[in-house]
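Numbering of residues begins at 1 and proceeds along the displayed sequence. The shown structure was predicted, so the numbers you read here are calculated from the model rather than taken from an experiment. In each ligand, atom 1 is the first atom listed, and ligand 1 is the first ligand listed.
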Amino acid sequence: MIYAGSHISSSRGYEAMGKQIRKLGGDTFAFFTRNPRGGRAKELNIPDMERFYTMAKLQKLGPVVAHAPYTLNACAAKEELRIFAKETMADDLARLEHIPGNYYNFHPGCHVGQGKEKGIELIAGLLNEILKQEQQTIVLLETMAGKGSEVGGTFEELREILDRLRYPEKAGVCMDTCHVWDGGYDIAGDLDGVITQFDKIIGLGRLKAIHTNDSQGERGCHKDRHARLGEGKIGLPAFQRLVVHPALQGLPCILETPNDDAGWAKEIAFLKESAG
Ligand code: FE
Ligand code: FE
Ligand code: ZN
């Protein structure tokens, strides 16, 4: 069994997101905590969050995977950009404590010429400043396509970040199928091999969520161009195998495919039917 859902708009609040994903047939979802370009967050609406929390419990929804604005760069060269990333993430995490037990996913960052090692150090340093022992939200590092100077394009890089954390139990990994494929991992031809490698390097216990996206690019292209399931180079059979893989049971599978509501409903149904 897996949870399946898609990325949806947060403009009408948490309860509305919960209702919307039910309409699409899903039982988990992702959303941007604020304008993806990193603007101001909406006014905090605690009653709305509490209504959603109750609804999620009653309807047995899977964990929600909130997505940080993708323009944040935790390992930017400019200090003011790193401070902006830190303050934004800390504020997002404080808000998410009103719906405890969910995930907060972010793109580790781009080292912009400072080198991988420096990038890893800065990302871990930022996390060590914002992660709190008592927090109820797990922060997820996303596996990246390795585009440009992205950090997190290999399992080893993610492991190095996790190894530097003071509270490593407050962090985990969100595996994006498009990104790992673009990064060179053969999830279409050798899913077992990739999962074994993930387990050896990072540990499967740290895998908390999956972004189920097909890829427009060939394996290893480092491009990060998402495709609808079956319309890319990964192909439908790979996703059918993914959702029944024993190591991935119980995980939220989030679609970030270029789609409309009808397309997402179809893909959610496909994932659920394939999972059996
Ligand atoms: Fe992402
Ligand atoms: Fe993703
Ligand atoms: Zn992507």
Enquirer: D176 and side-chain hydrogen bond (donor to acceptor under 3.5 Å, both in side chains): which single residue from N213, N105, T143 fits?
Expert: N213
Enquirer: Can you tell me if H226 has an N, O or S atom under 2.8 Å away from the Fe ion (ligand 2)?
Expert: no
Enquirer: Given salt bridge (charged side-chain N to carboxylate O under 4.0 Å, His left out), test E157 with R164 step by step and report yes or no.
Expert: CA-CA 11 Å; E157 288 169 23; R164 286 167 165 77; over 6 Å; no
Enquirer: Rounded to 10°, how big is the angle at the Fe ion (ligand 2) from E142 OE2 to D176 OD2?
Expert: 90°
Enquirer: Please report, to 10°, the angle around the Fe ion (ligand 2) from atom ND1 (H211) across to atom OE1 (E256).
Expert: 80°
Enquirer: Only one of K86, K42, R34, R40 passes salt bridge (charged side-chain N to carboxylate O under 4.0 Å, His left out) with D91; say which it is.
Expert: R34
Enquirer: Does D182 reach the main-chain N or O of G220 with its side chain, forming a donor-acceptor pair under 3.5 Å?
Expert: no
